[in-house]
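What follows is a set of notes on a single structure, which appears directly below.
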2 protein chains.
Amino acid sequence: MATKSVKSTKSKSETKVCCGTARDIPLSESDAAGLALVFAALSDPVRLRLLSIISSAPDGEVCACDLVTPIGKSQPTVSHHLRILFEAGLVEREKRGVWVWYRAVPERLDAVASRLR
Amino acid sequence: MATKSVKSTKSKSETKVCCGTARDIPLSESDAAGLALVFAALSDPVRLRLLSIISSAPDGEVCACDLVTPIGKSQPTVSHHLRILFEAGLVEREKRGVWVWYRAVPERLDAVASRLR
DNA sequence: AAACGATATTGACAAACATCAATATGCTAA
DNA sequence: TTAGCATATTGATGTTTGTCAATATCGTTT
C-alpha cells in the first residue's frame, strides 16, 4: 500500500495517489453477516423460482404440494429450499390440515431491495 | 399431491384445496440461474463490506491497496472477492499505473433491486 | 537492468451446500 | 385404529466456496 504522505510523485498516467486513509466501513460486520444470509437464500436458482411461483400466485399463497412437480426436484429437496426461504424471512407458511401453504413476504423483499443503494 | 378435480371435500379447517394446476413459472430457468449468480456475489459478508466501502467513496472510486487492511483478510482473498464482484457486474475496475481503482456500478444494483418485486 | 511494490493466479484444504433415498411425523379418512 | 398421503428430517455423497501461502505478472524506480 502506498504511504499516506506521498507528496507529488505523479507519473504520466496518474493524478491521484492511493492514501491508506482508514475510513470507517459504512456497513458493520454484523450487518454484513445478516444481509449476506438473505442474499445467500436468494443465491440458488431453485429458490428463486420457488419465490417466483409463490409471489405470483393469484391467491397470494401456494400449497407446497404444487411446488414439487414444476420445480423438477425431489420432495425433500424442495422442502429443504422452502425452509431456507422461510428462515430468511422471505416467505411465511401456514399449515392447514395436511397441507402447508406458503406466502411471500413483500416487505422483506422491499427491505432487502432498498439496502442495495 | 391432491388431484385437480376434487369437488368439495372440505374439512373443518380448509376452504380451499390445492389443485395441481401446472401454471407457468414466471421466472425462467436461465433467468433464475443468471439472477442467482448476482445474489451469490452478494451473499458473502466480505464482499458486501467491499461494495459498501467502494460505493461510499468520496471520489466514487477506491484503490485496491486501500481495501486489504480494513477488510482484515489476506491480499489474495480480497483480490478473489473483488474478482467475483467484478464478474457479477457489480463493480468496474481500471488499472492506472501500479494501482487498480474500483468503482461501483449503481445501475447494476438498481437492476437487481428492481427484480426483487 | 535490477530491485521493489501492487495485484492476480495457483494449489491446497476445510467448511458449507445441493441433492436424493430412506425414514419419521402428523393429519385425515375409512 | 389402521391405512394412506403430505411434509419434514436424517444420513450420505459429490460439488462448490472461502481462505491463505507461495508464486507469477507487470508497472515503476533506482
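Chain A is the first sequence line, chain B the second, and so forth, proteins listed ahead of strands; every chain is numbered from 1. Values reported hereafter were calculated over all heavy atoms of this structure, with side chains retained and with hydrogens, waters and symmetry mates removed. In this text the structure is predicted, and so the values were computed from the model without any measurement.
- Proximity of residues 35-45 of chain A to DNA chain D (heavy atom under 4.0 angstrom from any strand atom) is not detected for any residue.
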Hey, mind stepping through Phe39(B) and Val112(B) against side chain to side chain contact (heavy atoms under 4.5 Å, CB included) and telling me if it holds? CA-CA 9 Å; Phe39(B) 285 126; Val112(B) 174; 3.7 Å; yes
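- Atom OG of Ser28(B) sits about 7.0 Å away from atom CZ of Arg49(A), to the nearest 0.5 Å.
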Check step by step if side chain to side chain contact (heavy atoms under 4.5 Å, CB included) holds for Asp110(A) and Arg117(B). CA-CA 7 Å; Asp110(A) 287 352; Arg117(B) 347 204 187 213; 2.9 Å; yes
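- The CH2-P distance, from Trp101(A) to dA6(D), rounds to 12 Å in whole Å.
- Out of dA8(D), dT7(C), dC26(D), the shortest distance to the side chain of Arg93(A) is found at dA8(D).
- Because its NZ or CZ atom is not both nearer than 6.0 Å to the ring centre of Tyr102(B) and within 45° of the ring axis, Arg93(B) does not count as a cation-pi partner of that residue.
- Of all heavy-atom pairs between Leu90(A) and Ala41(A), the closest is CD1-CB, 4.0 Å.
- Projected onto DNA chain C by closest heavy-atom contact, Lys95(A) and Arg47(A) fall at different nucleotides, the more 5' of which corresponds to Arg47(A).
- Side-chain proximity of Ala64(A) to the nucleotides dA6(D), dT7(D), dA8(C) is greatest for dT7(D).
- The stretch residues 72-92 of chain A touches DNA chain D through Gln75(A), Pro76(A), Ser79(A), Arg83(A), each having a heavy atom within less than 4.0 Å of the strand.
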Kindly indicate, with the supporting measurements, whether the criterion side chain to side chain contact (heavy atoms under 4.5 Å, CB included) is fulfilled by Arg96(A) and Glu61(A). CA-CA 12 Å; Arg96(A) 296 207 293 272; Glu61(A) 59 182 7; 2.9 Å; yes
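- Using modelled atom types and a 3.5 Å distance limit, the side chains of Thr77(B) and Ser74(B) yield a donor-acceptor pair.
- Taking the side chain of Val46(B) as heavy atoms from C-beta on, and the options dC26(D), dT19(D), dA8(C), the nearest nucleotide is dT19(D).
- For the side-chain hydrogen bond (donor to acceptor under 3.5 Å, both in side chains) criterion with Arg83(A), the lone passing option out of Glu87(A), His81(A), His80(A) is Glu87(A).
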